[in-house]
Structure formats: structure tokens, C-alpha cells
Student: 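One structure coming up, written as C-alpha cells, with questions to follow.
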Amino acid sequence: MPTMCDYPQSVEEYSDTSFSDLHNFSGGPGALPQVVLQQAHEAIIKAPGTNISLLGVSHRSHWFQNVLDEAEFNIRTLLNVPSSYHILFLQGGGTMQFSMVPVNLLRGGNQCADYLTTGYWSKKALTEARKEGTIHEAWNGESDGFRRLPEPGECRFSSGAAYLHYISNETVEGLQFPYLPGLRGVRRVCDMSSDFLSKPFDISDYAVIYAHAQKNMGPAGVTIVIVHEDVLQDAPQNIPSIMDYRLFAQHRSNYNTPPVFAIYTMMLVTRWLQNDVGGLGNMSDINRRKAKTLYGAIDSSYGFYRGTACHAHRSQMNATFVLPTPDLTNLFLVSAEQAGFVGLTGHRSLGGIRASLYNGVTVQAVEDLVEFMDWFRLQHGTDDLAGVQNG
Ligand SMILES: *Cc1c(COP(=O)(O)O)cnc(C)c1O
């Protein structure tokens, strides 16, 4: 345990002595690997193997077709995705998928769809789905303040549902499913925007998964959809072209102008995962270690740092916590920023602190944050804490 004397006495001194680089813990757009940023930077001036900027490369060029092919190949390899699934690169973010899913899987039919309401983003998904058909909320965690997810037996699933929609990782509240919800025989649709490519999963459990790039995988602008071919066959006719999964599958994601820069950068991230990290098993080990380090610091702080999500459903990607008082929470955020830790402010809907531990956040960054948290607690904790513990 470090003592006070080992630490700088002021935040200014702290940032001067300990760190030169900023550490980005933003909830999204999130941190990206340094090597990917460097390669994207170079490609903006001159795309590798060409004489022009990446920003001026034609989306119909052979060069860009190779980028799309490599991105798809890398994702197939990382996740073992069989050819019965299409991998699409779309625009419109996670929010577009809140509508595209019910338009393609629910519209015009006579089935209902099940939704799990587990936080800020799943509420938004629910609102959009209701515009397209009959929706049944199989569980709603609002009365618990979205501090936990349902236990496996708690949900009221409909056996005849067109699909079940849920969010694997609620980015705002910091809740992550440790198990697979749903009924056998009902299509599972999952928004994985904030934990896609953070760990392996079995795609055969899903009919559709989607994830925008800007939390864990790249810059905003591209959203990955992995969809089983049966879903495309059953989709209604006469849906708007820009929302039709079939057209993007037929045109191999080159139906209208795709976001070339975002797809290129995301491809670099998949290449980094494959070649530098060595696959999603390794990535998952690293992410588990980061989460363990941070939650360990929270849990051993004698109540100074308090996690806001229940232990069993804590997210490995987004750790949400507060200090004993709102004033201390705010002082922590200001001091952390001065010391070089940015993006820690909780989502505007919730407040508090959120440290996002996406793939691009290094183990070192988390260790540095934990060291800062220990330092801050020793500076500000003891007196307030005595009050808290007695009170
Ligand atoms: C951020 C987020 C969204 C919203 O995505 P946009 O790309 O901004 O539309 C949707 N779902 C989840 C899980 C998110 O974290």
C-alpha cells in the first residue's frame, strides 16, 4: 500500500510528475489503439499502395473492395462466422438499427416482438420498435433504477415472438449480460454496440447482431450488422431501400456510397486484433484484467468509490461509480482531467463517473487511473469517510 509521502501533494504536481500522455476513458467515441491511429493518420495523406488520400479514394475502386474484403474476412476469422451469415457495413449508427431491425423482422407480420428494457439504450430501441408493430416487454428494470439485469428465470418471453431484442452491454449504466437470454426457437437480435469484438461469442446463437464502430471498434460512421440468410429471405417487400438488409447483402455493402474512412479504420482495428493481439481470446483476457484492476480498486476503497451496478451484472467495458457526495464526485472528475484522465464524466442522463475500458484502452492506462484513484482517496477520503462510516 503506498503511503501519502510517495505521492505528489497537488494535482498540478501529479500531472507534471507522473504522466505526459492523456488517457482516454470516454464512453464513445472511444479510445483506439495507438498503432491504428498512426496508420489512419498516414492513410489520410496517402492511402497505402496509392498516390492519393484515403479521403479521396473511390468506393468503387479495387483498392476499397480489398479493404471491404479484408474487414469482412477478419471479422469472419475473429468470430468464426459461417457463410450462412452476411456481414454488412451500414451507416446510421446504433439508432438506425433500432428501426431497421423491426422494419426487416416485424413489419407486416402478425407476430409480436419481445424486448428487454435494461437501460437507456434499450428504452430507445423499444420506442422505435413500437412504431413498427406489437411489442411485448419481457422485462423492464426501470423500477430498480437500471442497476441490474434480469435473472434468467425472471423474463416473461413469448414463445411465438418474431424475435427477442436485447442489448448485451448497457453502455450508460454499465451493465453486461453474463448469460444468453431468450427462448430456444425464437430469433435472438442483439445490440452489441459497446462490447462487440471485446470477447468471443457464438454467432449461431443469433439471427442478427449489430454494433456501430465508435465505442469499441473505430470511428463513428460505420455499423456492422451480421444477419442470418433466413432473415433476409423472410423480410417483407417494399421497405425503404436504404433500410433493406437484402440490398446491402446483394451489393456487398456497396449499395450507396459507404463511409470509406470509417470502414478503413475499422478494418485496421480488426487487423490489429488478429495480428497484434492474437485474437479475441487474448483480447478478452486483457479486458478481464483491466476490469478486475478497476473494480478491485473500487471494492477495496472502504466505500469511498461506489459502483452503481450490481456486482453480478457489472460491465467489463463501462465501469460506473460515484463518490460519497456529488461534490466529491465532481472534484474527482475535475482533478482527474487535470491529471490527464479524460472522458470519465458519466453519461448526461445519469451523471457520476464512467470509466470505459474498450479494447483501445491499455492495461497501463487502467493501472495509472487506479493509482490516481488511490492518491485522490488519500487526499480527500479519510475525513469524509469517517463521517460516512459512522453515519
Ligand atoms: C451508443 C449506443 C447506441 C447509439 O448509437 P448511435 O451510433 O449514436 O446511434 C446504441 N446502442 C448502444 C448499446 C450504445 O452504446
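In listed order, ligands and their atoms are each counted from 1. Not measured: the values here are computed from a predicted model. The basis for the numbers below is simple: all heavy atoms, side chains too, and nothing from hydrogens, waters or symmetry mates.
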Student: Is there a donor-acceptor contact under 3.5 Å linking the side chains of Asp327 and Thr325?
Tutor: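 Short answer, no.
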Student: Partners of Glu229 by salt bridge (Lys or Arg N to Asp or Glu O under 4.0 Å), sequence neighbours excluded?
Tutor: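 For Glu229, no residue satisfies salt bridge (Lys or Arg N to Asp or Glu O under 4.0 Å) once neighbours in sequence are set aside.
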Student: Quick one: are the ring centres of Phe201 and Tyr206 less than 6.0 Å apart?
Tutor: yes
Student: Could you tell me whether Thr95 approaches ligand 1 through its side chain, its backbone, both or neither, with non-hydrogen atoms closer than 4.0 Å?
Tutor: both
Student: Under a 4.0 Å heavy-atom limit, does Gln214 contact ligand 1 with its side chain, its backbone, both, or neither?
Tutor: side chain
Student: Examine Gly94 against ligand 1 and note whether any of their N/O atoms are separated by less than 3.5 Å.
Tutor: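 So ligand 1 has an N or O lying under 3.5 Å from an N or O of Gly94.
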Student: Has Thr223 got a side-chain atom pairing as donor or acceptor with Ala211's backbone, closer than 3.5 angstrom?
Tutor: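 No; judged by distance alone, with no hydrogens or angles, the pair does not exist.
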Student: How close does the nearest protein non-hydrogen atom get to atom 12 (C) of ligand 1, and which residue and atom is it?
Tutor: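 Heavy-atom neighbour on the protein nearest atom 12 (C) of ligand 1: Asp191 OD2, 3.4 Å.
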Student: Considering only the protein, which heavy-atom contact is closest to atom 15 (O) of ligand 1, and what is its distance?
Tutor: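 For atom 15 (O) of ligand 1, the nearest protein heavy atom is Thr171 OG1, 2.4 Å.
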Student: Classify the contact between Lys215 and ligand 1 as side chain, backbone, both or neither, using a heavy-atom distance cut-off of under 4.0 Å.
Tutor: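 Only the side chain of Lys215 comes within reach of ligand 1.
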Student: At a 4.0 Å threshold, what atoms of ligand 1 neighbour a non-hydrogen atom of Gly93?
Tutor: 7 (O), 9 (O)
Student: Could you tell me whether Gln65 atom CD has more than 12 heavy atoms of other residues or ligands within 6.0 Å of it?
Tutor: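 More than 12 heavy atoms, drawn from other residues, nucleotides or ligands, come within 6.0 Å of this atom.
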Student: Just by distance, do the side chain of Arg246 and the backbone of Gln233 share a donor-acceptor pair under 3.5 Å?
Tutor: no
Student: For ligand 1, which atoms, with element, lie under 4.0 Å from some heavy atom of Ile167?
Tutor: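 Heavy-atom distances to Ile167 below 4.0 Å select 13 (C).
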Student: Angle between ring planes, His165 versus Tyr115, binned at 30° and 60°: parallel, tilted or perpendicular?
Tutor: parallel
Student: Have a look at Phe98, Tyr120, Phe196 and point out the one with the heavy atom closest to atom 10 (C) of ligand 1.
Tutor: Phe98
Student: In the protein, what heavy atom is nearest to atom 7 (O) of ligand 1, and what distance, to one decimal place, separates them?
Tutor: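 For atom 7 (O) of ligand 1, the nearest protein heavy atom is His212 ND1, 2.7 Å.
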